[in-house]
Protein chains: 4
Amino acid sequence: MASAATSKTATAGRRTAKSARPGQHRLRADALRNRERIIATAREALVEYGAEIPLDEIARRAGVGNATIYRHFANRRELIHHVTLSVMSRIAEQAESALAEESDAFLALRRFVHAAADERIGALCPLLSDSLDKEHPDLIAARDRLAAGIDALMGAARASGRLRTDIGVGDLMVALTQLTRPLPGNGCVDFDIFVHRHLQLFLDGLSAPARSELPGSPATLEDLQQRQ
Amino acid sequence: MASAATSKTATAGRRTAKSARPGQHRLRADALRNRERIIATAREALVEYGAEIPLDEIARRAGVGNATIYRHFANRRELIHHVTLSVMSRIAEQAESALAEESDAFLALRRFVHAAADERIGALCPLLSDSLDKEHPDLIAARDRLAAGIDALMGAARASGRLRTDIGVGDLMVALTQLTRPLPGNGCVDFDIFVHRHLQLFLDGLSAPARSELPGSPATLEDLQQRQ
Amino acid sequence: MASAATSKTATAGRRTAKSARPGQHRLRADALRNRERIIATAREALVEYGAEIPLDEIARRAGVGNATIYRHFANRRELIHHVTLSVMSRIAEQAESALAEESDAFLALRRFVHAAADERIGALCPLLSDSLDKEHPDLIAARDRLAAGIDALMGAARASGRLRTDIGVGDLMVALTQLTRPLPGNGCVDFDIFVHRHLQLFLDGLSAPARSELPGSPATLEDLQQRQ
Amino acid sequence: MASAATSKTATAGRRTAKSARPGQHRLRADALRNRERIIATAREALVEYGAEIPLDEIARRAGVGNATIYRHFANRRELIHHVTLSVMSRIAEQAESALAEESDAFLALRRFVHAAADERIGALCPLLSDSLDKEHPDLIAARDRLAAGIDALMGAARASGRLRTDIGVGDLMVALTQLTRPLPGNGCVDFDIFVHRHLQLFLDGLSAPARSELPGSPATLEDLQQRQ
DNA sequence: CATGAATGAGTCTTCATTCAT
DNA sequence: GATGAATGAAGACTCATTCAT
């Protein structure tokens with residue numbers, strides 16, 4: 001699968017740019033495995049435990065020492081950054097494949113929304129939290145790819161006359177993120193069952209014709225990230 | 001303003017049951033003022049800062065010493081408990097007055113939803129977080145009152161044929177809570193502008209006739225609190 | 001005794017300006033005692049153990065909990081800052097009293113040099129280390145006071161014809177600091193005995209007439225702090 | 001260049017006596033080159049960065065992997081040990097060649113003092129720090145050679161009537177070390193300019209006739225290493 | 001032999017909670 | 001009753017040292 005993590009910028013750490021992985025420096029196979037495992041574990045742990053999960057706990061779950069996390073990610077912020085990139089990338093794929101594979105545009109949108117939930121989009125608050133460096137080129141690239149994917153989905157659905165016209169990508173993303181956010185502190189696994197109900201309700205609200213007039217105006221992803 | 005905090009059970013704090021305030025022991029006027037101020041400050045601070053706000057910060061904002069919080073609430077958990085009660089109470093009032101004052105039942109529901117958002121319902125995840133003692137009689141009472149209020153609202157809206165019939169109080173409450181939850185770490189005050197758009201979309205999804213079939217089944221508030 | 005710690009600047013911590021102690025906020029007696037004890041303990045501990053001494057060790061020696069240090073000083077850097085101020089202030093007093101009380105100007109200078117050593121001037125590398133915020137007004141004030149005191153001493157000694165004329169305050173301060181610096185890692189208490197020999201030798205080198213031509217040019221304290 | 005590192009005793013590293021390199025086991029050429037490079041890099045890095053420099057940083061500067069350091073030196077302590085030996089050896093050479101090449105004995109001493117500073121004698125606190133195993137035969141041998149060299153220098157200078165008679169080798173070594181010690185944490189390269197001023201002043205203090213009476217008594221190098 | 005990677009122990013710092021005025 | 005101060009128990013992060021390629 002295409003990875004959004006190809007463009008790179010060294011974050012010039014004082015000693016070594018741990019997380020910047022320029023093309024010339026291939027990771028050892030086991031290290032790469034660890035790296036991916038840490039990201040995947042962090043994604044799930046964030047969902048189960050909440051955003052304040054200790055890195056030590058992530059390390060424990062991933063079966064590595066705590067310092068191994070720091071070999072791969074300079075600090076908590078950077079780990080979150082990469083988890084965000086990973087999730088955004090996976091979700092972007094979902095958007096793209098939904099559009100490619102579904103003939104009914106609104107069904108494609110619906111499929112995407114539920115798939116994004118399953119991909120733990122809510123684990124991240126990725127577009128809003130201030131714990132991300134929103135200037136980071138990788139994040140911008142991932143955001144743009146995702147925005148493009150969703151835009152295409154929404155555009156097709158709108159073109160088919162099934163999607164109301166007064167909403168933007170940002171509206172969908174924020175609501176989707178919020179509706180699927182994990183509860184803090186406990187593993188509400190069975191909470192998922194609910195989530196899909198609410199997403200479905202929200203999708204019904206997105207259907208054309210619009211049943212009410214919305215306050216404010218449609219939001220792009222850029223809008224979201226700019227609000228402090 | 002009716003307070004849900006009159007029936008009491010001491011939760012046997014380590015040394016003294018500070019927070020249990022049996023009716024016989026009227027607080028001094030200034031102490032009561034402090035108590036209310038702490039709760040109100042905590043509510044707002046939770047919204048602005050996020051769930052991990054230090055108690056010292058709440059104390060600072062409330063203009064009291066940190067130990068004063070402990071005079072009123074045995075620990076953080078108990079403070080959150082009371083903030084939750086306060087918010088639930090205020091929201092219940094909103095439900096009740098919306099029903100009483102609006103002639104159009106669906107409009108009443110809509111008014112309630114937006115009012116609940118303004119009351120910071122999302123600051124607390126009041127029904128779900130495991131940082132609450134869900135057995136606590138006060139909480140149960142508050143929940144029941146709130147459930148009754150929303151039930152009445154939804155019943156009326158359903159009766160008027162404007163609300164779809166496959167959703168329960170729990171569905172509304174969870175979605176409402178999630179959609180209005182503050183972002184962690186930063187004061188997204190202007191985020192509010194968005195929230196009402198999403199609530200409106202969700203309300204449109206709630207309208208009859210149902211535009212799709214929902215997975216799962218309608219949830220009550222009891223359901224919610226039993227999970228986990 | 002006059003304290004250099006009267007002018008203040010809040011270092012605008014995120015939450016509370018712990019270390020800024022504006023005049024309006026008198027410390028409780030016990031807290032002030034702790035504060036002074038921490039500074040004094042840190043001064044001695046720095047001498048005995050070296051600059052890398054853990055704060056926990058300082059806390060232990062001071063008989064307080066580790067967090068108490070942080071109540072008084074936002075971080076390690078700030079503690080060092082205040083220790084530095086304290087030592088500079090004490091040394092400035094030594095300079096002033098030596099000048100005031102000794103009739104022989106060169107003897108006054110000599111007395112000062114040995115007294116500064118006893119005040120642990122070397123514990124700090126106070127003028128040079130980059131672990132200080134050299135822009136800080138308190139530090140500048142302390143430096144200026146100290147420079148003035150030493151300048152007066154040296155000026156008098158020079159005027160009496162006993163001090164060579166090709167050296168500046170900075171020269172004396174640096175050499176004094178270096179010659180009295182504690183060794184890293186071990187408590188060389190009896191090392192002190194040596195130090196005074198070397199200071200004496202250095203003082204002999206400072207005497208007029210100059211016995212050689214020096215490379216470079218006389219240094220002020222400002223010079224020193226600007227390097228690096 | 002004569003190396004003091006030929007007589008050896010294995011200091012029984014935990015697993016293998018990595019650093020003991022008995023004569024029979026000639027290092028491969030590249031390994032020897034690495035070893036020397038590590039020592040040289042460590043010497044400079046200690047000067048620029050301070051005593052707390054991480055081994056990883058030394059490895060990075062030396063252009064080797066961190067583990068390579070451990071292949072050559074069992075632990076940090078041992079690396080420091082060898083850097084110390086290296087510096088002492090280089091300084092001893094300076095003493096010997098100064099004596100051999102200068103006709104004026106005091107000039108020879110002066111030349112030596114400045115040369116020792118350029119050899120980074122101060123980087124190591126070589127005679128005093130407790131991070132050395134002062135019992136180690138190599139260190140004793142190096143110390144003895146150095147002491148002999150300086151003794152000869154001082155003896156000649158004393159014989160020429162230019163050096164005061166109340167000071168010992170230890171006095172010179174300690175003062176020299178202290179006056180040239182690098183500041184912690186920052187690369188004060190231009191600090192060197194000062195150092196030679198202070199050394200010159202100190203040398204002037206060493207000149208005969210003595211201008212004052214010194215406290216204590218002359219110190220040998222043995223004295224220094226025995227304290228603590 | 002050389003190296004990148006992994007790790008546990010240690011340090012700094014924060015915060016809920018308790019203590020003393 | 002109220003407060004500032006004190007504290008120990010985490011959590012983030014670093015680094016000497018060990019392991020596996």
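Lettering of chains follows the sequences in order, A, B, ..., and the numbering in each one begins at 1.
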**Asked** How is the base pairing of DNA chain F summarised as a dot-bracket string, given the Watson-Crick and G-U wobble criteria with both distances under 3.5 Å, [ ] for crossing and | for another strand?
**Response** .||||||||||||||||||||
Table of protein N/O atoms under 3.5 Å from nucleotides 8-11 of chain E N/O atoms:
{"from": "E:dG8", "atom 1": "N7", "to": "A:N66", "atom 2": "OD1", "distance (Å)": "3.3"}

**Message:** Rounding to an integer number of Å, can you tell me how far D:R37 CZ sits from E:dA2 P?
**Reply:** 11 Å
**Item:** D:Y70, nearest nucleotide to its side chain (from E:dT14, F:dA16, F:dA5)
**Value:** F:dA16
**Message:** Quick one, A:D133 with A:L139, criterion side chain to side chain contact (heavy atoms under 4.5 Å, CB included). Give me CA distance, side-chain angles, the key distance, then yes/no.
**Reply:** CA-CA 8 Å; A:D133 172 10; A:L139 195 59; 6.0 Å; no
**Request:** Given side chain to side chain contact (heavy atoms under 4.5 Å, CB included), test D:R77 with D:I80 step by step and report yes or no.
**Result:** CA-CA 5 Å; D:R77 196 181 169 86; D:I80 299 292; 5.8 Å; no
**Message:** If you only use heavy atoms from C-beta on, which nucleotide in F:dG1, E:dA2, E:dA6 is closest to the side chain of B:R71?
**Reply:** F:dG1
**Request:** Indicate yes or no: at least one non-hydrogen side-chain atom of C:L46 is less than 4.5 angstrom from one of C:I53.
**Result:** yes
**Complete:** Result for 5'-nearest mapping on DNA chain F, choosing between D:N75 and B:I69, is B:I69
**Request:** Would you indicate whether the side-chain heavy atoms of C:F73 and C:I38 approach each other to under 4.5 Å?
**Result:** yes
**Prompt:** Can you tell me how far P of F:dG4 sits from CG of C:N34, to the nearest Å?
**Reply:** 17 Å
**Complete:** When rounded to whole Å, the CZ to P distance for the pair D:R33 and E:dA2 reads 10 Å
**Request:** Mind calculating the distance between CZ (C:R60) and P (F:dG8) to the nearest angstrom?
**Result:** 13 Å
**Message:** What I'd like to find out is whether the side chain of D:V83 reaches to under 4.5 Å of the side chain of D:L79, using heavy atoms alone.
**Reply:** yes
**Asked** Between C:E44 and C:I58, is any pair of side-chain heavy atoms under 4.5 Å apart?
**Response** no
**Heavy-atom check, side chain of A:Y70 versus side chain of A:L55, under 4.5 Å** = yes
**Asked** Once you round it to whole Å, what is the distance between C1' of E:dT13 and CZ of C:R77?
**Response** 16 Å
**Request:** Grab the CD1-C1' distance between B:I58 and E:dT17 for me, whole Å please.
**Result:** 14 Å
**Request:** Measure from the side chain of B:D30, starting at C-beta and using heavy atoms only, and say which of F:dG1, E:dT13, E:dT3 lies closest.
**Result:** F:dG1
**Asked** Is there a side-chain contact between A:E57 and A:R61 (heavy atoms, below 4.5 Å)?
**Response** yes
**Message:** Any non-hydrogen side-chain atom of D:R35 less than 4.5 Å from a side-chain atom of D:H82?
**Reply:** yes
**Message:** So, does A:H72 get its side chain near the phosphate of E:dA6, meaning an N or O under 4.0 Å from OP1 or OP2?
**Reply:** yes
**Prompt:** What is the distance, rounded to the nearest whole Å, between atom CZ of C:F73 and atom P of E:dC12?
**Reply:** 15 Å
